[in-house]
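Input: a single structure, listed below in structure tokens.
These figures come from a predicted structure and were not determined experimentally. When a residue number appears, it is its place in the shown sequence, counting from 1. Note: hydrogens, waters and symmetry copies are ignored here, and every other heavy atom, side chains too, is used.
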Amino acid sequence: MQDRLVLGENVAQAAQFAASGAADAGLIALSLALAPDMQRRGRHRLLPPDAYPPIEQGAVVLRRAAARPEVWALWRFVQQPEGRAVLRRYGFFIPDSTAQPTERPWTGPPPG
């Protein structure tokens with residue numbers, strides 16, 4: 001089977017290979033599999049969570065955007081139950097609130 005594998009440079013390219021028919025199947029992020037275009041093209045199955053290490057993602061506010069109120073509105077939204085529900089709906093696992101960040105928290109101007 002090794003000779004039949006097509007490797008993408010990243011998860012988005014792997015999804016593109018599967019969507020275009022260049023590959024019969026793809027190992028992609030759930031958030032991509034849940035996209036309307038991908039759902040129209042095929043089906044997805046979840047891998048068991050213990051089959052792979054979690055992929056931790058984070059958020060960042062760039063200095064040039066830190067003064068924009070809409071940036072902080074989004075920042076606050078994704079931390080509230082309603083925003084977390086949106087993230088879950090689109091395939092993102094939300095760790096429990098006791099999880100500790102692996103990087104230092106935001107130290108810029110206070111949001112708001």
Residues in side-chain contact (heavy atoms from CB on, under 4.5 Å) contact with [X], at least two apart in sequence or another chain:
X: Leu5; result: Gln2
X: Ala22; result: Phe17, Ser20
X: Leu87; result: Val78, Phe92, Ile94
X: Asp50; result: Pro48

Straight-line distance of Gln79 CD to Leu74 CG, nearest 0.5 Å: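 Taking CD in Gln79 and CG in Leu74, the distance rounds to 9.5 Å.
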Pairwise distance CH2(Trp75) to CD(Glu70) - rounded to 0.5 angstrom: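 Atom-to-atom, Trp75:CH2 and Glu70:CD are 15.0 Å apart.
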Are more than 12 heavy atoms from other residues, nucleotides or ligands located less than 6.0 Å from atom [atom1] of [X]?
X: Phe77; atom1: CZ; answer: yes
X: Arg88; atom1: CZ; answer: yes
X: Asp24; atom1: CG; answer: no
X: Glu9; atom1: CD; answer: no
X: Glu82; atom1: CD; answer: no

Apart from Ile28 itself, residues in the same hydrophobic cluster as defined by side-chain heavy atoms under 4.5 Å: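 So far as hydrophobic clustering goes, Ile28 is joined with Val11, Leu32, Met38.
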For Leu34, the rest of its hydrophobic cluster, which grows through side-chain links under 4.5 angstrom: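 Traced through the cluster, Leu34 reaches Leu30, Leu46.
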Leu62 and Val71, any side-chain heavy atoms less than 4.5 Å apart: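 No - every pair of side-chain heavy atoms lies 4.5 Å or more apart.
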Where Ala18 and Gly26 come nearest, the two heavy atoms and their spacing: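 Taking every non-hydrogen atom into account, CB-N, 4.2 Å.
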